[in-house]
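Have a look at the structure below before the remarks.
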Amino acid sequence: MQKKTYSAQLLQYIPFFYVIWSDDLVTASEINVVQNALKKDPSLSKEQKDQLLGWLDPERPPKAAEMKNWKQTISSSRVKLVESVNFPLAIFSQRLTAHYYHEHPFNEHLKQIEIHLGIQPNHYKHLFDVEVAHNPNSDYYSAREIDTLLKGKHAKLIDGFRATLNDPIFEWDIHRDKEDFREVVLDQVKFLARRDYGALAYPEAYGGTYDMEGYAHMFENLMYVDGSLTIKFGVQFGLFGGSIQKLGTKKHHDKYLNEAGKAELLGCFAMTETGHGSNVRGIRTTATYDPATDSIVIHTPGKNDNKEYIGNALHSKMASVFAQLIVNGKNQGVHAILVPLRNEAHELLPGITVEDNGYKLGLNGVDNGKIWFDQVAVPRENLLNNYGDIDKEGNYHSHIKNPNKRFFTMLGTLVGGRICVARAGLGGAKFALGVAVKHALRRRQFNDSIKIQEDLLMDYPSHQLRLTPLVASAYVYHFTLDKMMELYCDEGQPDKRVVETQVAGLKSIITWYANQSIQECREACGGKGYLLENRIADLKGDVDIFTTFEGDNTVLLLLAAKGVLSDFKAEFNSAGFTSVLKILGMQLNDTLTTINPVYTNKVDKEHLYNPKFHKHAFNYRTKRLTYTLAMRIRNYIKQGMPSYQAFLKVQTHLLALGKAYSVELAYNTFTDYVGQMPEGKYRNLFEKLGTLYALHEIRKDAEWFLEQGYLGGNKSKAIRQRVERLCTELRPHIEVLVDGFGIPEHCMSAPIAR
């Protein structure tokens, strides 16, 4: 055994000093962290503290001979660095000291140095021998337990549904002919309908259990099979059947809902038009009541006023058509009318024209098409009359007198569709993350000449940093969407405008997150991610449309921001911009307090990991953006600018507010859930995931926080280091976390993930 050149007290600090001076990792100001730890360490004598402090003097760095002696002491011990533990350098120091002195306690002060400096194994592992990890994962957590938490009260339904997806009809395959692909997907939809899954959200009288929350979970799990199946399923049972359920009355339910739920009556949801896109209120299709025949005449007035991108258009026999309802010469606004498209021989009826949209970037198993109507007459009873009706005398009446409120109430009943689209996007992201993480835990690449095998991709800090925050975000968004659907389904809150505003923002940030995650996963898998067999390529094409499906994300973020400005007041939707300005006038005096410089530069772990800090940061951003936005609008109005033009001038500001509000909402919803969990390791795990999400989101918008003086440079740097640190700490559990998504083994068909 080598001569004990250093005492145990000095030796335990030598790996830290060797790292500091070998890589010049710390500045003179950061040396204070080490100095403070030395002063507080009771195991050191005054002489030992003086010697260690002398080695820290940036004006007089250790001599080459001293550094050489450190290196020899370390290498002669043959102690290896273990990267997968929580505090690799502190534990390495303990093991080194124990090698020379047989036993040595773990020094908490060394752990604090490692934490506060934010140094990661990738900064220093080239200086030491590294222990090869033969088992890349920890079994401290159970994926089954995590999946149980995610399923919540819907466990029985989800488990049964996942078992159903094990049928050979759902085996994934490559389809490049859209006609064949569409028939496969149609057969799958009918298969699920025969097992009562299509009618799940309908009342019991019509084959369901009125379980919209469970329906949303099914929507996510369908993405593990195929995106086209997910959307086809949603169009048939959610949009078409849902419009009958939500906008119609008992006579429509009795006549159509059972057949729709069994997929015996195939239908489509004809709202969007070529020339008007997301502007539902501005659609041009007309539905004119004809008292002479007691019928409603559906008509497409112009070439670009046709219904566009309508899913199920080629398979459907009926459409829920949204049109301007005209009664006795007066336009009563947008209403939905059931319009037959085809006869029993599947031939188009007179006055109906349908064209195939053709091949798309993705979802080619869904038969999207364009529809024109040429004076097509349907019975008056086909009007879905829950919010407006025409009586036998030909007079229109509605229990909601204000037409604007009636319009938004009608659309509010369809908010569940946006939650399901976000849920589907999240399912796509989870699947891609499952593939990418499992690939990274098996694929080895590069090493140095000393190691006996190449490094796992997942052991590269850059790989951890690109995937782990995305995994954390998936958990945050999962429980957020659970809560949103619970609120949407709460019959005790008939006014859905608050939820509509919240869902508008969340649908935007979650579907954008899904697309970014899938792209990151594709790149993280290299060329393997580009192969169709590994599923990520199709996910990229399928999920891409979710950013504009069920509402363009940019438009929805503007809606969310306007909801924040108006404080969800009903007057906003019913009276336009003028009322918003009145509300803002009352809010302008609510100025924000100045941030204390001490807070701006606070970098200790207890502060940065504290949910109070995260909530304060997100709330400050939302309030600040709201206040400055209100000031800008008011100034434009004072200059004589029309209110509509004033809002156009601040659109980018509105988008920033919409994003900020949505991120804050997601984080608060998740922390509320975690706060209700029982004490224990799973609560601790979820708290860590929430911390990673929060710090990652703050880091992404560090430019704004720095501009506002909310963060100082040191704090911004500390947050970056904390994000890296959390990714390292979660590395041993990363496979358990993606397995915790609950993706069935029979659906995880990508070869690189098996």
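Just so it is clear, the structure is predicted and the values come from calculations on it, not from any experiment.
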May I ask you to decide whether [X] forms a salt bridge with [Y], counting only side-chain N to carboxylate O separations under 4.0 Å?
X      : Y      : answer
Lys255 : Glu381 : no
Glu347 : Arg342 : no
Asp538 : Arg176 : yes
Asp367 : Lys232 : yes
Asp544 : Lys540 : no
Asp542 : Lys360 : no

Mind checking the [atom1]-[atom2] spacing from [X] to [Y]? Nearest 0.5 Å is all I need.
X      : Y      : atom1 : atom2 : result
Glu220 : Asp482 : CD    : CG    : 8.5 Å
Leu247 : Met410 : CG    : CE    : 6.5 Å
Asp196 : Thr164 : CG    : OG1   : 10.5 Å
Ser508 : Phe546 : OG    : CZ    : 14.0 Å
Tyr210 : Cys489 : OH    : SG    : 8.0 Å
Leu481 : Arg418 : CG    : CZ    : 14.0 Å

Scan Gln516, Glu523, Arg522 and name whichever one has a side-chain hydrogen bond (donor to acceptor under 3.5 Å, both in side chains) with Gln519.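 Exactly one candidate clears the test, Glu523.
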[Y] side chain reached by [X] side chain, heavy atoms, under 4.5 Å:
X      : Y      : answer
Val674 : Phe479 : no
Lys430 : Tyr224 : yes
Ile146 : Leu685 : yes
Phe431 : Met748 : yes
Asn534 : Pro751 : yes

Should the pair Lys507 and Trp512 be classed as cation-pi, given the thresholds of under 6.0 Å to the six-membered ring centre and 45° from the axis?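 Checked: cation-pi criterion not met.
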Charged tip of Lys483 within 45° of Tyr673 ring normal and under 6.0 Å: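 No - Lys483 does not lie over the ring of Tyr673 by the 6.0 Å and 45° rule.
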Assert yes or no for the condition that the ring centre distance of [X] to [Y] is strictly below 6.0 Å.
X      : Y      : result
Tyr309 : Phe549 : no
Tyr477 : Tyr693 : yes
Phe269 : Phe322 : yes

Is the count of non-hydrogen atoms from other residues, nucleotides or ligands lying under 6.0 Å from Lys250 atom NZ greater than 12?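 No, because the 6.0 Å sphere around NZ of Lys250 holds 12 heavy atoms or fewer from other groups.
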I'd like to know whether NZ of Lys178 has more than 12 heavy-atom contacts from other residues, nucleotides or ligands below 6.0 angstrom.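 Yes.
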Please check if the side chain of [X] supplies one atom and the backbone of [Y] the other of a donor-acceptor pair under 3.5 Å.
X      : Y      : result
Gln464 : Met458 : yes
Lys317 : Gly267 : no
Arg442 : Lys438 : yes
Asn343 : His346 : yes
Arg162 : Cys747 : no
Asp552 : Thr547 : no

Please report the C-alpha distance between Tyr475 and Phe741 in whole Å, then the side-chain angles of each, then the deciding distance to 0.1 Å, and finally whether the ring pair (Phe, Tyr, Trp, His ring centres under 6.0 Å) criterion is met. CA-CA 9 Å; Tyr475 278 88; Phe741 293 153; 5.3 Å; yes
Under a plain distance cut-off of 3.5 Å, with no hydrogens placed, do [Y] and [X] share a side-chain donor-acceptor pair?
X      : Y      : result
Asn385 : Thr249 : yes
Arg423 : His478 : yes
Thr548 : Asn553 : no
Tyr206 : Asp254 : yes
Ser243 : Ser320 : yes

Can you list the steps and then say if Leu467 with Leu433 is a side-chain contact (heavy atoms from CB on, under 4.5 Å)? CA-CA 7 Å; Leu467 295 180; Leu433 285 165; 4.3 Å; yes
With a cut-off of 3.5 Å and sequence neighbours excluded, list every side-chain donor-acceptor pair involving residues 186-193.
residue	atom	partner	partner atom	Å
Gln188	NE2	Ile169	O	3.0

side-chain contact (heavy atoms from CB on, under 4.5 Å) partners of Lys370, counting only residues at least two apart: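 Expected list: Asn306, Glu308, Glu355, Asn357, Trp372.
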Got a sec, which residues hit side-chain contact (heavy atoms from CB on, under 4.5 Å) with Glu145, two or more places apart in sequence or on another chain?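 Listed in chain order: Ser142, Tyr682.
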Considering all heavy atoms of both residues, which atom of [X] and which atom of [Y] are nearest to each other, and what is their separation?
X      : Y      : value
Leu257 : Pro203 : CD2-CD, 4.3 Å
Ala514 : Ala429 : CA-CB, 4.0 Å
His217 : Asn221 : O-ND2, 2.9 Å
Met212 : Cys420 : CE-SG, 4.2 Å
Arg683 : Met677 : NH1-O, 3.0 Å
Val738 : Gly434 : CB-CA, 4.1 Å

Picking from Phe233, Tyr197, Phe161, what satisfies ring-ring contact (aromatic ring centres under 6.0 Å, His included) with Tyr215?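 It is Phe233; the other options fail the test.
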Side chain to side chain donor-acceptor pair (under 3.5 Å) between Thr468 and Arg731, worked out: CA-CA 8 Å; Thr468 312; Arg731 159 63 187 87; over 6 Å; no
For Ile231 and Val185, run side-chain contact (heavy atoms from CB on, under 4.5 Å): C-alpha distance rounded to whole Å, both residues' side-chain angles, the deciding distance at 0.1 Å, then the answer. CA-CA 10 Å; Ile231 299 307; Val185 171; over 6 Å; no
Checking salt bridge (charged side-chain N to carboxylate O under 4.0 Å, His left out) for the pair Asp226/Arg535: CA distance, chi angles, key distance, verdict? CA-CA 9 Å; Asp226 183 77; Arg535 304 270 313 265; 5.8 Å; no
What do the steps show when you test Asp177 against Arg182 for salt bridge (charged side-chain N to carboxylate O under 4.0 Å, His left out), and what is the final call? CA-CA 9 Å; Asp177 179 85; Arg182 289 170 177 178; over 6 Å; no
Chi angles and distances behind the side-chain contact (heavy atoms from CB on, under 4.5 Å) call for Leu384, Ile337: CA-CA 6 Å; Leu384 295 176; Ile337 304 97; over 6 Å; no
